[in-house]
Every structure is written in C-alpha cells, then in structure tokens.
K.L.:
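Right, I'll just put the structure down here and ask away after.
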Number of protein chains: 2
Amino acid sequence: MRGHAARVIRMCPARPAVTRETVLDQALTLFAERGYHGTPLSEIAEALGIRTPSLYNHMGSKHELLETILTRTLDEVLADFAAAVRDVDGPAARLHAATRVYALRHATHRREALVVNRDTTSLDEPDLSRVRERRREHERAVRAIIIDGVGTGGFQVGDPALASFAILEMSVSIARWFRDDGPRTAEQVADEFAGYALRIVRYRP
Amino acid sequence: MRGHAARVIRMCPARPAVTRETVLDQALTLFAERGYHGTPLSEIAEALGIRTPSLYNHMGSKHELLETILTRTLDEVLADFAAAVRDVDGPAARLHAATRVYALRHATHRREALVVNRDTTSLDEPDLSRVRERRREHERAVRAIIIDGVGTGGFQVGDPALASFAILEMSVSIARWFRDDGPRTAEQVADEFAGYALRIVRYRP
DNA sequence: CCAGCTAGCTAACGCTCATTCGTCTGGCGA
DNA sequence: TCGCCAGACGAATGAGCGTTAGCTAGCTGG
C-alpha cells in the first residue's frame, strides 16, 4: 500500500464514494438492462450521482468498461470450471459438476451473463477473437467430458458437440429468467439442470 | 390490383428493386449481426444501394422496422406451434412435435431468433408488453404439455416450469451456432433436440 | 499551514445518427 | 406524346453521443 490504501472519499455525505469498481458495477447493471450500445455514459454517471465527464477519472473509455467486464467474466467462468472438476473422477460426476457450477454462475451472476451473450460482438478485433476463443475453450472442455463418457462412462449420445451446446446454452438461459426472489434458489436450479445434463447424454448409473 | 401490381422498377439495371420487403430483409440481417442500436440506417441503405433518406419511401421509422420484425416472428412461432401439435395426441408426441418445430425454426430462421432475443428490450412500452406476452403464451403452452405428461403420460420431472425453460432455451440457442454449411442439417438438429426434450422430462415409452 | 494530488465541475468540440424538406427524373397510363 | 407520380437524391437540422480541456474545492502528507 502507498500510505492511503482503501481511503474513503466522499465530498458530499449523502453520496457514496465513486471508484473504478462502482463504475464497473453500474455499467454492468445498465449494459445488462439496455445493452452496450443502448446505454449512454450519462445514465451510468447519473446512477452514480456525478456528471458524465467525471467518469473519466475512473475509466479509460466506455469501450474499456465493456472489455474489462467481458474479460473478467470469462476468466471467472474458466476458473469456476477448473475448480469444479478438479479432483472429480468419472465422466458422469465431472459433467454433473461442470454443469452445476455453470448453471449456478448464471443464476448468481445474471448481469455478467447477459452482457457476455448480448454484447460480445460489440468488441473490436483483437479482443473479440480472444474472448471467443475463451468461450470455445470452455465448450471444448465440456465436450471432452462427454466424449470421454461415450467411450467409458455409459453415455449414449449421437453427437457430443450437439449435446454440449444444448447443455451449455440451456444453462446460459437461466440468466434470462432467474429471479432472486423467485420460488427456487440458485442451488436448486443448478442441481436440477445438472440432472438434465446427465439425462441429455443418456447416462445410466 | 390497381393497374400496376408487382411493377418492376429499376432506375439502374445493375440495382435490384428496393421494396418494403427488401428493406425489412436487410434490416433483419444487420440487426442480427450488430444489434438494433448498433446498426445505423446508413448501413441498411448502403446494403441496398440507395442513400439513407430514400429508405423513408419504404418505411415509417427505424423503430417500426424492429417492431414489424418482432411481431411477425412471434406470430409465426405461435402459428408453427399450433400447426405442429394439432392432431397430435399424447403428451410425449406433442412435446416432441413442439420442440422439433421450435428447434427447426431456430435453425432455419436464425436472424429472426437473434433479433428477438437481443433486441426485444429496445421496444418501448405498448409493444414491449405485447411481445413479451406472446412469448409467455408459447412457454405456457409447452409447460401445459409437460404438466399433462406428468399426470398421464409417464413424465417424471420435479418442476415443469424449469423443464420448459430448459427445453425452449436450449432450442433458442441453435440460432447462435447453427450453420447452413455445417455438418448437420436443420432437420437432424431438430430431431436430436426433440429427443433431448423427452429425456429432460424423463419420458419412458 | 502549505503544497499537491484527487476528483469533481462546466463548457465545448466533433461526430454520428434519425429524420424532414424540396427537388428532380424516368417510366407508365391515358 | 404528355402528364403524373413513385421514388431517388442532396442539403440541412437537431438531438445525442463519447471525449477533451481547463478550472476548482477539499483532503492528505509533510
């Protein structure tokens, strides 16, 4: 720390401190609601209680906000996956764990998921390819589990790629309808979807 | 006809005729690629080989283009569903038919599906509620089939709403990865996904 | 108590976008 | 052949956007 880490600054006592993280958080909320192109910086600023140009004290550009959100999110998805399947043996248990953690993430990080699925195409080229490659990486990892299961674990599925798409994308959709105050908890939904995954690949214990 | 129906006008022989339908078609293509807010009218005009203001000879406003696309698409989805399950008896056969036609539509009408899923929120209020109600109508119809199947058709599913979400949204995702020149035909994918649907609800023949 | 940095503000710029208006032109009906 | 009109055009408008520049108040470290 450089002598003043986590310093709390508030010029007006009614206004909570604005930091790079609070800007990212508001951008995340509004991008998820209206989309990147549909969200003017003025709305982000207004939600934070400051004027638009003041945002530039906490960010480089609007584009960089999007890039940061997307990169962070995909890093977390891959980390989640790695942690979930580490020390788990057998294709059925691994597919169950991978689907569960992916579904859980889409229930608990709805905003991030909506932005990834809607606004990835708003990136421009160096980043776009990089982000897409990350998503493919995850899909390939899930597909590898399914292929493994077809060979050794009692899965019966005609096309592993098709099954992996179906499993991943039905999980993604959770972000579109899940509500924190709804009748089901995130964990319940994640467990149920993990069960769907095993049924899709026709796993018989 | 009023004396000149389907008249073919081309001021320059190299330029194909511009009509309301060709404008809608180009808007559909570009909205699907870049999103509604990310597509300027100038790009639609350029793709048609005319200048931007000339578009107004064929449309009311940019917003009306979006509204027309969304309304038409949802009408067709509901019509597809009704035609697919008409004269089909039994929850299993009905769920199979409903999923198959929905999946098939998302493989063959990718652009429409992408715009519906990305840009519905860009509508403003009278239309937004109307469009959302149509989607719910479809979801309720599919859920009703599942509930029926749980009671009488040998389905085993904890939460019919969850299952209907999973089935519908995994089908929606087809629009995101399906390619006409890919290794699988639209019919093959639709059949496979209809099978997934029956496995999700644990149907045993 | 002073220097300096942080982070806010107003003003302004340049650009793009959707939309309007008035004009012109070329093919069709009479 | 002549008048009409659908439809293309250029020019212009006004709003909104992201971004920059310059200024200022106040907290903090010395």
Side-chain angles (χ1 to χ4, degrees), chain A residues 1-27 30-31 33-69 119 122-124, chain B residues 1-27 30-31 33-69 119 122-124:
Chain A
M1 63 180 78
R2 296 194 188 87
H4 55 264
R7 185 177 40 176
V8 176
I9 298 173
R10 48 183 73 207
M11 315 212 37
C12 164
R15 177 192 301 164
V18 174
T19 68
R20 173 168 171 83
E21 289 307 312
T22 62
V23 171
L24 277 168
D25 191 71
Q26 268 303 328
L30 291 168
F31 289 174
E33 270 177 24
R34 315 201 206 298
Y36 174 74
H37 282 301
T39 306
L41 287 181
S42 58
E43 287 197 19
I44 300 176
E46 191 181 18
L48 292 166
I50 61 176
R51 307 288 178 183
T52 310
S54 302
L55 286 174
Y56 286 83
N57 289 319
H58 308 282
M59 68 181 206
S61 68
K62 187 189 181 190
H63 221 85
E64 180 234 7
L65 287 182
L66 180 64
E67 188 203 313
T68 303
I69 289 170
D119 291 314
S122 295
L123 287 178
D124 30 32
Chain B
M1 62 178 84
R2 296 196 188 85
H4 57 263
R7 182 176 43 176
V8 177
I9 297 172
R10 46 182 75 209
M11 317 213 38
C12 162
R15 176 192 301 165
V18 173
T19 67
R20 173 168 172 83
E21 289 308 310
T22 63
V23 171
L24 278 168
D25 192 70
Q26 269 303 329
L30 291 168
F31 289 173
E33 270 176 26
R34 312 204 207 297
Y36 174 74
H37 283 302
T39 306
L41 287 181
S42 58
E43 287 196 21
I44 299 176
E46 192 181 16
L48 292 166
I50 61 176
R51 307 291 178 183
T52 309
S54 303
L55 286 174
Y56 286 82
N57 289 319
H58 308 283
M59 68 182 203
S61 69
K62 188 189 181 189
H63 220 85
E64 179 234 8
L65 286 182
L66 179 64
E67 189 203 312
T68 302
I69 288 170
D119 291 314
S122 295
L123 287 177
D124 28 34

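Values below: every heavy atom of this structure, side chains too, minus hydrogens, waters and symmetry copies. Chain A is the first sequence line, chain B the second, and so forth, proteins listed ahead of strands; every chain is numbered from 1.
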K.L.:
Who passes ring-ring contact (aromatic ring centres under 6.0 Å, His included) against A:F31, sequence neighbours left out?
P.N.:
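By the ring-ring contact (aromatic ring centres under 6.0 Å, His included) rule, A:F31 matches A:Y36.
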K.L.:
Using whole Å, what does the distance between atom P of nucleotide D:dC17 and atom CG of A:L30 come to?
P.N.:
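Going from CG in A:L30 over to P in D:dC17 covers 13 Å.
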K.L.:
Kindly say if A:S54 contacts the phosphate of C:dC9, meaning a side-chain N or O under 4.0 Å from OP1 or OP2.
P.N.:
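Yes, within the criterion.
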K.L.:
Check the distance between C:dT10's P and A:I50's CD1 and give it to me in whole angstrom.
P.N.:
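Checked: the CD1 to P distance equals 12 Å.
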K.L.:
Go through the structure and list residues passing side chain to side chain donor-acceptor pair (under 3.5 Å) with B:R34, not counting sequence neighbours.
P.N.:
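Applying side chain to side chain donor-acceptor pair (under 3.5 Å) to B:R34 gives B:E43.
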K.L.:
Could you state the CZ-P distance from B:R20 to D:dG7, rounded to the nearest angstrom?
P.N.:
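It works out to 13 Å between those atoms.
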K.L.:
What is the distance, to the nearest angstrom, from the NE2 atom on A:H58 to the C1' atom on C:dC9?
P.N.:
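My rounded result for the distance is 13 Å.
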K.L.:
Not counting sequence neighbours, which residues clear side chain to side chain donor-acceptor pair (under 3.5 Å) with B:D25? List them please.
P.N.:
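Here the qualifying residues are B:R111.
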K.L.:
How many whole angstroms separate atom CZ of B:R51 from atom P of D:dA11?
P.N.:
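Spelled out: CZ on B:R51 to P on D:dA11 is 10 Å.
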K.L.:
With sequence neighbours left out, write down each residue that passes side chain to side chain contact (heavy atoms under 4.5 Å, CB included) with A:E46, or none if nothing qualifies.
P.N.:
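Per chain and number, A:E46 pairs via side chain to side chain contact (heavy atoms under 4.5 Å, CB included) with no residue.
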K.L.:
Rounded off to whole Å, could you give me the CG-to-P distance for the A:L55 and C:dT10 pair?
P.N.:
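Answer to the nearest Å: 13 Å.
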K.L.:
Note the angle between the end axes of the helix from C:dC1-D:dG30 to C:dA30-D:dT1, five pairs defining each, rounded to 10 degrees.
P.N.:
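Axis-to-axis angle, ends of the helix: 10°.
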K.L.:
Ignoring hydrogens and angles, does a donor from either the side chain of B:N57 or the base of D:dA8 sit under 3.5 Å from an acceptor on the other?
P.N.:
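For B:N57, whose side chain was compared with the base of D:dA8, there is a donor-acceptor pair (under 3.5 Å).
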K.L.:
Of the non-hydrogen atoms in B:H63 and B:L123, which two are nearest, and what is the gap between them?
P.N.:
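Heavy atoms only, the tightest pair is NE2-CA, 4.0 Å.
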K.L.:
Which residues satisfy the side chain to side chain donor-acceptor pair (under 3.5 Å) test with B:E64, sequence neighbours excluded?
P.N.:
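Counting only residues at least two positions away or on another chain, B:E64 forms a side chain to side chain donor-acceptor pair (under 3.5 Å) with B:R20.
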K.L.:
Give the B/S/- string for nucleotides 14-19 of chain C, one per nucleotide from 5' to 3', where a protein heavy atom under 4.0 Å of the base yields B, of only the sugar-phosphate yields S, and otherwise -.
P.N.:
---SSB
K.L.:
If you compare all heavy atoms of A:L55 against all heavy atoms of A:L41, which two are closest, and at what distance to 0.1 Å?
P.N.:
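Scanning both residues, the minimum pair turns out to be CD1-O, 3.5 Å.
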K.L.:
Filter on side-chain hydrogen bond (donor to acceptor under 3.5 Å, both in side chains), then keep only pairs touching residues 47-61 of chain B, sequence neighbours left out; what's left?
P.N.:
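Output for this query is empty, none listed.
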K.L.:
Do you know the tightest heavy-atom contact between B:V18 and B:I50?
P.N.:
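So the two residues come closest at CG2-CG2, 4.1 Å.
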